[in-house]
*Asks:* 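My questions will all concern the structure given below.
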Amino acid sequence: MRKGILTIAAVGLLTTGGLTACGDDSGDNGAAAKTPKIGVILPDSKSSARWETADRRFLEEAFKAAGVQYDIQNAQNDKTAFQTIADQMITSGVTALMIVNLDSGTGKAVLDKAKSQGVATIDYDRLTLGGSAQYYVSFDNETVGKLQGEGLSKCLTDKGVKNPVVAYLNGSPTDNNATLFKAGYDSVLKPKFDSKEYVKGPEDAVPAWDNAQAATIFEQQLTKANGKIDGVLAANDGLGNAAISILKKNKLNGKVPVTGQDASTEGLQNILVGDQCMTVYKAVREEAKAASDLAIALAKGEKKDTGQTVKDPEGGRDVPSVLLTPKAIYKENVKDVIADGYVTKEEVCAGAYAKLCADAGIS
């Protein structure tokens, strides 16, 4: 029997209901006397398909199963809209607010206002630096980056590339997760640069994880390197696909390993066809379950003990946290993502990808 694709580090009891509720002595949560209602603000639908295709779906499932009122909205990468949505949710009487911040400044303002109104708060997926969220639910994001660095190294070795030039397409500079991803892949690749085993190529951050900008940036990188880039550490599948689009223009796709993250349909198809080296699967269903369990408890005026914390480097707080374990995905285990229900065979294996799926053992 296939083992579960994801485990929860140190907090396995959270999603099995084994945590104990404890009294809320924070003085800023009046939820117990109100009708439980949860507000969720997602960041956009452009940088990654996951926010609408996975997170919204799994959060809705959890809230419906618990029988609580909820309101999920998407800020579409608009900071003003983000704040307006938050104000409307607070006015409408949400007792818990879960946000994926666009940047820490905007996120902090929203969290602080919610706290002042007695609304409980959760940072979902991205930690708001200097913020006041009562919980943080995400993946071990340095491990995500480490898997990417290890994946790129594996694919370069498999291709027999000597002294490869490696380019970086980092995530948004306003996203703390991008910083953590980079710390992870630097931990693998920097020693190789320092030892001259690898050559550090061009490196750029992509504002707002914008895929169109990423294509322009990578084209400039390739020009700057005189076409000599042997591997691309792309921080997610969208950025990876942007790089692949430029590699295709230069007939280099499939020759230059490219990483990714999110196990998107597009990313998995790129892996199957050989244009992308690997991706990192983050089982959003488990992330949404962990976050919704906490949100439901907070909305009812309860608190949970997660068993671990993350240090906010800006605010100096130890934030009660749930961190889940990501998994590296290569061609040989694309089938695991489909078996886990994150994407469907029909989506990934449509048309020309049907035979590639069959060859990869996807039945």
*Asks:* How many angstroms lie between CD in E347 and CD in Q269, if you round to the nearest 0.5 Å?
*Replies:*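 That separation rounds to 9.0 Å.
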*Asks:* Give the cluster check for V258 versus V161: same hydrophobic cluster or not, with ILVMFWY residues linked at side-chain heavy-atom distances below 4.5 Å.
*Replies:*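 Yes, V258 connects to V161 through the hydrophobic network.
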*Asks:* Salt bridge between R57 and D55, side-chain N to carboxylate O under 4.0 Å?
*Replies:*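 No salt bridge links R57 with D55.
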*Asks:* Regarding D359 and K331, does a basic nitrogen lie under 4.0 Å from an acidic carboxylate oxygen?
*Replies:*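 Not counted as a salt bridge, because no side-chain N and carboxylate O are separated by less than 4.0 Å.
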*Asks:* Taking the side chain as every heavy atom from C-beta outward, state whether V334 and I362 have any pair of such atoms under 4.5 Å apart.
*Replies:*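 Sidechains of I362 and V334: in contact.
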*Asks:* Is NZ or CZ of K327 both nearer than 6.0 Å to the six-membered ring centre of Y281 and within 45° of the ring axis?
*Replies:*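 Not flagged: K327 not positioned over aromatic ring of Y281.
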*Asks:* Backbone N or O of V144 within a donor-acceptor pair of the N141 side chain at under 3.5 Å?
*Replies:*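 Not at all, since once roles are kept as given, no pair shorter than 3.5 Å links the two residues.
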*Asks:* Any donor-acceptor pair under 3.5 Å linking the side chain of E142 with the backbone of L180?
*Replies:*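 Such a contact is absent between E142 side chain and L180 backbone.
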*Asks:* Would you sort out whether R126 and S138 count as a side chain to side chain contact (heavy atoms under 4.5 Å, CB included), showing the intermediate values?
*Replies:* CA-CA 7 Å; R126 299 172 182 169; S138 190; over 6 Å; no
*Asks:* Checking side chain to side chain contact (heavy atoms under 4.5 Å, CB included) for the pair T121/M98: CA distance, chi angles, key distance, verdict?
*Replies:* CA-CA 6 Å; T121 52; M98 186 189 306; over 6 Å; no
*Asks:* May I ask you to check whether Q213 and N211 show a side-chain donor-acceptor distance below 3.5 Å?
*Replies:*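 Absent: no donor and acceptor within the cut-off.
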*Asks:* State, with a plain yes or no, whether a side-chain heavy atom of D123 is found less than 4.5 Å away from one of V137.
*Replies:*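 They are not in contact (no side-chain heavy atoms under 4.5 Å apart), so the answer is no.
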*Asks:* Side chains of D44 and Q76: donor-acceptor distance under 3.5 Å anywhere?
*Replies:*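 No, Q76 and D44 have no side-chain donor paired with an acceptor closer than 3.5 Å.
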*Asks:* May I ask you to test the I329-V337 pair for a side-chain heavy-atom distance under 4.5 Å?
*Replies:*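 Answer yes - side chains close enough.
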*Asks:* Could you state whether I246 and V165 fall into the same hydrophobic cluster, counting links through intermediate Ile, Leu, Val, Met, Phe, Trp or Tyr residues with side-chain heavy atoms under 4.5 angstrom apart?
*Replies:*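 Each belongs to a different hydrophobic cluster.
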*Asks:* Looking at K162 and E197, is there a salt bridge between them, counting it only when a charged N and a carboxylate O are closer than 4.0 Å?
*Replies:*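 The answer is no: the pair does not qualify as a salt bridge.
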*Asks:* Are S132 and K108 close enough that a side-chain donor and a side-chain acceptor fall under 3.5 Å?
*Replies:*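 Side-chain D/A pair, S132 to K108: absent.
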*Asks:* Any chance the side chains of D186 and Y168 put a donor and an acceptor closer than 3.5 Å?
*Replies:*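 Present: a donor and an acceptor within the cut-off.
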*Asks:* What residues form a ring-ring contact (aromatic ring centres under 6.0 Å, His included) with F63, not counting sequence neighbours?
*Replies:*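 In terms of ring-ring contact (aromatic ring centres under 6.0 Å, His included), with neighbours along the sequence ignored, F63 is linked to Y70.
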*Asks:* Would you say V166 and L156 make side-chain contact, with heavy atoms under 4.5 Å?
*Replies:*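 With C-beta onward as the side chain, the pair touches.
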*Asks:* Tell me, with the steps shown, if D340 and R285 meet salt bridge (charged side-chain N to carboxylate O under 4.0 Å, His left out).
*Replies:* CA-CA 9 Å; D340 219 42; R285 185 192 298 274; over 6 Å; no
*Asks:* Would you say the side chains of D175 and S172 form a donor-acceptor pair under 3.5 Å?
*Replies:*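 Judged by distance alone, the side chains do not pair up.
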*Asks:* Kindly determine whether K289 and E61 satisfy salt bridge (charged side-chain N to carboxylate O under 4.0 Å, His left out), including the steps that lead there.
*Replies:* CA-CA 9 Å; K289 178 66 167 62; E61 285 179 3; over 6 Å; no
*Asks:* Do N170 and Y185 get their side chains close enough for a donor-acceptor pair, meaning under 3.5 Å?
*Replies:*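 A pair is found: one side chain offers a donor N or O, the other an acceptor, under 3.5 Å apart.
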*Asks:* Does K200, at its NZ atom, have more than 12 non-hydrogen atoms belonging to other residues, nucleotides or ligands within less than 6.0 Å?
*Replies:*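 Atom NZ in K200 is crowded, with more than 12 foreign heavy atoms closer than 6.0 Å.
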*Asks:* Any donor-acceptor pair under 3.5 Å linking the side chain of D210 with the backbone of V206?
*Replies:*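 No.
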*Asks:* Is any side-chain heavy atom of T309 less than 4.5 Å from a side-chain heavy atom of V319?
*Replies:*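 Heavy-atom side-chain distance check fails, nothing below 4.5 Å.
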*Asks:* With a distance cut-off below 6.0 Å to the six-membered ring centre and an angular limit of 45° from the axis, does K146 pair with F181 as a cation-pi contact?
*Replies:*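 No; the conditions do not both hold, so K146 does not lie above the ring face of F181.
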*Asks:* Distance alone, cut at 3.5 Å: any donor-acceptor contact between the side chains of Q276 and D237?
*Replies:*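 Distance-only check passes for Q276 and D237.
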*Asks:* Kindly indicate, with the supporting measurements, whether the criterion side chain to side chain contact (heavy atoms under 4.5 Å, CB included) is fulfilled by K196 and N163.
*Replies:* CA-CA 7 Å; K196 311 300 183 186; N163 301 117; 5.6 Å; no
*Asks:* Is atom NZ of K46 surrounded by more than 12 heavy atoms (other residues, nucleotides or ligands) closer than 6.0 Å?
*Replies:*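 No.
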*Asks:* Taking M89's backbone N and O only, do any of them form a donor-acceptor pair with S92's side chain (distance below 3.5 Å, no angle check)?
*Replies:*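 Indeed, once roles are kept as given, a pair shorter than 3.5 Å links the two residues.
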*Asks:* Distance-only, no hydrogens or angles: does the S292 side chain make a donor-acceptor pair with backbone N or O of A288 under 3.5 Å?
*Replies:*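 Here the side-chain-to-backbone pair exists.
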*Asks:* For the atom pair OG (S321) and NZ (K311), what is the distance rounded to the nearest 0.5 Å?
*Replies:*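 Answer for the OG-NZ pair, S321 versus K311, is 11.5 Å.
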*Asks:* Please evaluate residues T174 and L102 with respect to the criterion side chain to side chain contact (heavy atoms under 4.5 Å, CB included), reporting the C-alpha separation (whole Å), side-chain torsions for both, the decisive distance (0.1 Å), and the verdict.
*Replies:* CA-CA 7 Å; T174 62; L102 299 181; over 6 Å; no
*Asks:* Can you find a side-chain donor-acceptor pair between Q134 and K303 that sits under 3.5 Å?
*Replies:*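 No, no side-chain donor-acceptor contact under 3.5 Å.
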*Asks:* How long is the straight-line distance from CD of Q117 back to OG1 of T95, given to the nearest 0.5 Å?
*Replies:*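 One finds 13.5 Å between OG1 of T95 and CD of Q117.
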*Asks:* Taking Q308's backbone N and O only, do any of them form a donor-acceptor pair with T306's side chain (distance below 3.5 Å, no angle check)?
*Replies:*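 Yes, the answer is positive, given that a donor and an acceptor are paired below the 3.5 Å cut-off.
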*Asks:* Quick check: do Q261 and K282 have side-chain heavy atoms less than 4.5 Å from each other?
*Replies:*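 Of all side-chain heavy-atom pairs linking K282 with Q261, at least one is under 4.5 Å.
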*Asks:* Mind listing the closest non-hydrogen atom pair of N236 and Q148 along with its distance?
*Replies:*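 Shortest heavy-atom separation between N236 and Q148 comes out as N-NE2, 4.5 Å.
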*Asks:* Taking NZ, NE, NH1 and NH2 as the nitrogens, is one of them in K182 or E203 under 4.0 Å from a carboxylate oxygen of the other?
*Replies:*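 Salt bridge between K182 and E203, a charged N being under 4.0 Å from a carboxylate O: yes.
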*Asks:* Please report the closest heavy-atom contact between F82 and N101, naming both atoms and the distance.
*Replies:*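 Heavy atoms of F82 and N101 come nearest at CZ-CA, 4.0 Å.
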*Asks:* Suppose we screen for ring-ring contact (aromatic ring centres under 6.0 Å, His included). Which residues come up paired with Y124, at least two apart in sequence or across chains?
*Replies:*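 Partners of Y124 under the ring-ring contact (aromatic ring centres under 6.0 Å, His included) test: none.
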*Asks:* Within the distance-only criterion (no hydrogens, no angle test), does the side chain of K335 pair as donor or acceptor with the backbone N or O of E332 below 3.5 angstrom?
*Replies:*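 Confirmed, K335 side chain pairs with E332 backbone.
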*Asks:* Please report the shortest heavy-atom distance between V119 and V94, naming the atom on each side.
*Replies:*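 Scanning both residues completely, I find the closest heavy atoms to be CG2-O, 3.5 Å.
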*Asks:* When you measure from the side chain of N333 to the backbone N and O of D336, does any donor-acceptor pair fall under 3.5 Å?
*Replies:*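 Flag not set: sc N333 to bb D336 has no pair under 3.5 Å.
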*Asks:* Is there side-chain contact between P257 and K159, with heavy atoms separated by less than 4.5 Å?
*Replies:*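 Result yes, sub-4.5 Å side-chain heavy-atom pair found.
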*Asks:* How long is the gap from NZ on K154 to OG1 on T259, to the nearest 0.5 Å?
*Replies:*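 The distance works out to 13.5 Å.
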*Asks:* Using the rule that Ile, Leu, Val, Met, Phe, Trp and Tyr join whenever any side-chain heavy atoms are under 4.5 Å apart, tell me whether L272 and Y330 fall into a single cluster.
*Replies:*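 Hydrophobic grouping puts L272 apart from Y330.
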*Asks:* Which heavy atom of L189 sits nearest to which heavy atom of L152, and what is that distance?
*Replies:*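 Smallest heavy-atom distance, with atoms named: CD1-CD2, 4.4 Å.
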*Asks:* Among all residues two or more places apart in sequence or in another chain, which pass the ring-ring contact (aromatic ring centres under 6.0 Å, His included) test with Y136?
*Replies:*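 Partners of Y136 under the ring-ring contact (aromatic ring centres under 6.0 Å, His included) test: none.
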*Asks:* Check for a donor-acceptor pair, side chain of D230 on one end and backbone N or O of V256 on the other, with a separation under 3.5 Å.
*Replies:*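 Not a single qualifying donor-acceptor pair exists.
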*Asks:* Indicate whether the side chain of D275 and that of N270 have a donor and an acceptor atom separated by less than 3.5 Å.
*Replies:*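 Result is no, nothing qualifies.
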*Asks:* Indicate yes or no for a side-chain donor-acceptor contact from D305 to the backbone of G307 under 3.5 Å, with no hydrogens or angles considered.
*Replies:*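 Side chain of D305 to backbone of G307, a donor-acceptor pair under 3.5 Å: yes, one is there.
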*Asks:* What closest approach, in Å, do L169 and A243 show between heavy atoms, and which atom pair accounts for it?
*Replies:*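 Looking at all heavy atoms of both residues, the shortest contact is CD1-CB, 4.0 Å.
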*Asks:* What's the shortest heavy-atom distance between E314 and G130, and which atoms?
*Replies:*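 Scanning both residues completely, I find the closest heavy atoms to be CB-N, 3.8 Å.
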*Asks:* Between the side chains of T106 and D103, does any donor sit under 3.5 Å from an acceptor?
*Replies:*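 The answer is yes; a qualifying pair exists.
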*Asks:* Within the structure provided, determine whether W51 and D125 are in side-chain contact (heavy-atom separation under 4.5 Å).
*Replies:*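 Sidechains of D125 and W51: in contact.
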